[in-house]
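Take a look at the structure below.
Only heavy atoms go into these numbers, but all of them, side chains included; no hydrogens, no water, no symmetry mates. Naming convention: chains lettered A, B, ... in sequence-line order (proteins, then strands); numbering from 1 in each chain.
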2 protein chains.
Amino acid sequence: MQLEKTTKLRQIEEKRHYDDACGLAHALELVGERWALIVMRELMFGPRRFSELRADLPGISANVLTQRLGELEQRGLVRRVQLPPPASVQVYEATGWGLEAAPVIRELGRWAVRSPRHDPGLFVSPVSIMMSLQTMFDADRAGDLRGRFGFRFGHTGFVADIGDGTIDVRRGDPVGSDVLFNADPGAIAGVLYGGAPFETVDVSGDRTLAKRFVTLFPLPPKVETS
Amino acid sequence: MQLEKTTKLRQIEEKRHYDDACGLAHALELVGERWALIVMRELMFGPRRFSELRADLPGISANVLTQRLGELEQRGLVRRVQLPPPASVQVYEATGWGLEAAPVIRELGRWAVRSPRHDPGLFVSPVSIMMSLQTMFDADRAGDLRGRFGFRFGHTGFVADIGDGTIDVRRGDPVGSDVLFNADPGAIAGVLYGGAPFETVDVSGDRTLAKRFVTLFPLPPKVETS
DNA sequence: CCGTATCCAATAAGATACTG
DNA sequence: CAGTATCTTATTGGATACGG
């Protein structure tokens with residue numbers, strides 16, 4: 001009885017809130033809970049299943065993921081979609097507005113990696129490493145380089161097209177790419193951002209192009225520690 | 001005994017963490033706690049005292065503010081500064097890197113105000129309304145308009161300079177501005193963003209210029225509710 | 001007045017077991 | 001596989017008291 005009342009009140013009161021008209025405060029009411037923005041990140045290249053999300057969110061527990069997805073759906077950032085037969089599985093998909101959070105997520109990441117305490121050796125999800133390509137791409141370094149770069153992570157493939165000083169990254173079959181990276185996201189991160197030797201990743205296709213590729217993503221300078 | 005052990009462990013383990021090398025995850029370890037980004041927002045136009053922060057952060061409790069400031073200081077985003085005599089008071093100041101979070105904060109805000117549930121009628125702090133000028137300024141609408149616009153909120157003044165299609169906002173004495181707004185932040189927000197009549201704010205100086213000014217900050221369109 | 005510290009109640013998060 | 005249910009722990013907020 002007492003519990004029911006509390007629950008009902010929570011639905012009305014929308015739990016803790018900042019009584020602040022500032023857009024930032026509202027943003028934090030939308031995606032300020034723990035894990036919320038990281039869940040959004042995982043949806044940025046298309047719909048995902050519950051278990052995929054759980055696998056790429058190291059440390060999240062099922063009940064928290066359920067809760068976050070429910071809240072994000074209720075707030076209009078995520079949609080629950082039933083795939084047609086014969087798949088007939090349920091997936092979670094970012095709405096158009098949800099996808100518009102991508103630039104903010106990238107800028108937050110770019111800002112944070114300047115931190116002296118950032119540890120690039122931790123787990124990296126496929127989506128993380130693919131978003132980092134968009135975040136860290138340096139058009140000047142690319143110059144007039146053109147090429148299609150493919151990535152295969154388990155069952156999922158990604159394609160990055162570089163040309164005209166821009167990079168376009170999407171989920172997709174990497175067959176036919178000029179270069180195909182066959183390595184887990186952590187290994188690729190090691191080469192791109194951790195100074196690991198190029199040989200630590202399995203690359204097929206144009207190796208010269210591949211070696212050029214891995215130089216196109218400079219990290220911003222660390223903040224002065226003084 | 002048990003408590004001491006837990007406390008010590010917390011200092012080492014840095015409490016909850018995402019084991020994720022992604023920059024976004026690290027950003028959330030830096031400023032993901034409740035209130036952290038809003039505290040940073042309040043420091044974006046210069047150092048502030050504890051009680052000022054408390055007053056402009058409706059609903060924060062003193063102990064949480066103390067804790068947030070301590071964490072932000074430890075992480076290199078905030079500095080504690082002792083003002084020289086005769087003031088001799090302590091203020092909190094964003095570091096250079098902390099200030100670089102400003103664009104991210106603005107973009108988060110711009111993204112969030114498209115939400116159908118955003119309520120512009122809540123409390124607005126002076127810093128919020130001043131940052132919103134930078135966020136929502138429309139260079140096309142401004143055209144070749146030039147002018148200095150002053151604001152007085154209690155003891156604190158702000159100046160916004162518009163010219164060459166840019167806006168520059170800073171803390172400072174508004175005397176000598178072409179237009180001086182003498183109204184609380186909420187009233188100004190009402191006119192700029194809430195459709196309130198221009199006459200609801202006290203304006204001195206060039207009223208024609210002032211009327212033009214309040215049209216330069218269009219809100220982004222709300223997301224489709226369907 | 002400027003904070004800090006402490007205690008308590010309410011929520012949120014995490015671990016684990018369990019069900020259709 | 002896709003979540004729920006339950007229990008434990010951690011964090012937050014509010015009140016209040018305390019030292020400079």
Side-chain angles (χ1 to χ4, degrees), chain A residues 2-20 28-29 31-39 47-73 78 80-83 86-92 155, chain B residues 2-19 28-29 31-39 47-73 78 80-83 85-92 155:
Chain A
Q2 182 67 7
L3 273 172
E4 275 180 17
K5 193 175 166 188
T6 309
T7 307
K8 287 239 171 81
L9 279 173
R10 280 251 314 289
Q11 292 178 347
I12 295 163
E13 296 182 334
E14 183 83 11
K15 67 190 174 164
R16 283 179 186 160
H17 47 270
Y18 304 102
D19 287 311
D20 192 323
L28 296 174
E29 299 198 330
V31 294
E33 286 97 2
R34 197 165 157 75
W35 292 108
L37 266 185
I38 302 187
V39 170
R48 310 286 302 273
R49 301 184 61 164
F50 189 91
S51 52
E52 286 184 290
L53 292 172
R54 207 180 162 187
D56 284 350
L57 265 24
I60 199 172
S61 52
N63 53 359
V64 172
L65 180 54
T66 300
Q67 202 179 321
R68 279 310 90 86
L69 286 168
E71 291 158 358
L72 293 170
E73 184 183 15
V78 165
R80 204 178 289 240
V81 178
Q82 194 75 233
L83 256 41
S88 296
V89 297
Q90 183 177 251
V91 293
Y92 297 88
H155 302 290
Chain B
Q2 182 67 7
L3 271 173
E4 274 180 18
K5 194 176 163 189
T6 308
T7 307
K8 288 241 170 81
L9 278 173
R10 282 251 312 290
Q11 291 179 345
I12 295 162
E13 295 182 336
E14 184 82 9
K15 64 189 177 168
R16 285 179 185 160
H17 47 270
Y18 303 103
D19 286 312
L28 296 174
E29 300 199 329
V31 294
E33 285 98 2
R34 199 167 155 76
W35 293 107
L37 266 184
I38 303 188
V39 170
R48 311 284 303 275
R49 302 185 61 164
F50 189 92
S51 52
E52 286 183 291
L53 292 172
R54 204 177 167 191
D56 284 350
L57 264 24
I60 200 171
S61 51
N63 52 1
V64 173
L65 180 54
T66 300
Q67 200 179 321
R68 278 310 92 86
L69 287 168
E71 291 158 357
L72 294 170
E73 183 183 16
V78 165
R80 204 180 289 242
V81 178
Q82 193 77 233
L83 256 43
S88 296
V89 297
Q90 182 177 250
V91 293
Y92 298 89
H155 301 290

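- In the set C:dA13, D:dG14, D:dT12, C:dA13 carries the atom at the smallest distance from any side-chain atom of A:Val64.
- Candidate nucleotides D:dG3, D:dG13, D:dT6 were compared by shortest atom distance to the side chain of A:Gln90, and D:dG3 ranks first.
- The minimum heavy-atom distance between B:Pro58 and A:Asp20, with the atom names listed, is CD-OD2, 4.4 Å.
- For B:Thr66, the side-chain hydrogen bond (donor to acceptor under 3.5 Å, both in side chains) test picks out no residue, with sequence neighbours left out.
- Side-chain proximity of A:Arg34 to the nucleotides D:dG3, C:dA13, C:dT4 is greatest for C:dA13.
- What separates CG of A:Asn63 from P of C:dT11 is a distance of 18 Å, to the nearest Å.
- Applying the ring pair (Phe, Tyr, Trp, His ring centres under 6.0 Å) test to B:Tyr92 and every residue at least two apart in sequence or in another chain returns nothing.
- Across every non-hydrogen atom of B:Arg48 and B:Asp56, the tightest pair is NH2-OD2, 2.8 Å.
- Which of D:dA2, D:dG3, D:dA5 sits closest to the side chain of A:Thr66 comes down to D:dG3.
- Across the protein-nucleic acid pair, A:Gln82 atom CD and D:dG3 atom C1' stand 14 Å apart, rounded to whole Å.
- Applying the 4.0 Å criterion to OP1 and OP2 of D:dG3, one finds that A:Arg80 has a side-chain N or O inside that range.
- OP1 or OP2 of D:dG13 lies within a sub-4.0 Å distance of a side-chain N or O belonging to B:Trp35.
- Near DNA chain D, defined here as any heavy-atom distance below 4.0 Å, the residues from residues 51-60 of chain A are A:Ser51, listed numerically.
- For D:dG3, one of the phosphate oxygens OP1 or OP2 lies less than 4.0 angstrom from a side-chain nitrogen or oxygen of A:Tyr92.
- For the pair A:Glu73 CD and D:dA2 C1', the interatomic distance rounds to 14 Å; values are reported in whole Å.
- Between A:His17 atom NE2 and D:dT12 atom C1' the separation is 14 Å, expressed in whole Å.
- Nearest to the side chain of A:Arg16, among C:dA15, C:dA13, C:dA10, sits C:dA10.
- Whole-Å rounding puts the A:Leu65 CG to C:dA13 C1' distance at 13 Å.
- A pairwise comparison of heavy atoms in B:Leu72 and B:Ala36 identifies CD1-O, 4.1 Å as the closest pair.
- Salt-bridge formation is not detected for the pair B:Glu52/B:Arg49: no Lys NZ or Arg NE/NH1/NH2 atom is positioned less than 4.0 Å from an Asp or Glu carboxylate oxygen.
- Distance B:Glu33 CD to D:dG13 P: 11 Å, rounded to the nearest Å.
- Checking the phosphate oxygens (OP1, OP2) of D:dT12, a side-chain nitrogen or oxygen of B:Arg68 falls inside 4.0 Å.
- Rounded to whole Å, the distance from CD on A:Glu71 to C1' on C:dA13 is 11 Å.
- The distance between atom OH of A:Tyr18 and atom C1' of C:dT11, rounded to the nearest whole Å, is 14 Å.
- For the atom pair A:Glu29 CD and A:Arg16 CZ, the distance stands at 12.5 Å (nearest 0.5 Å).
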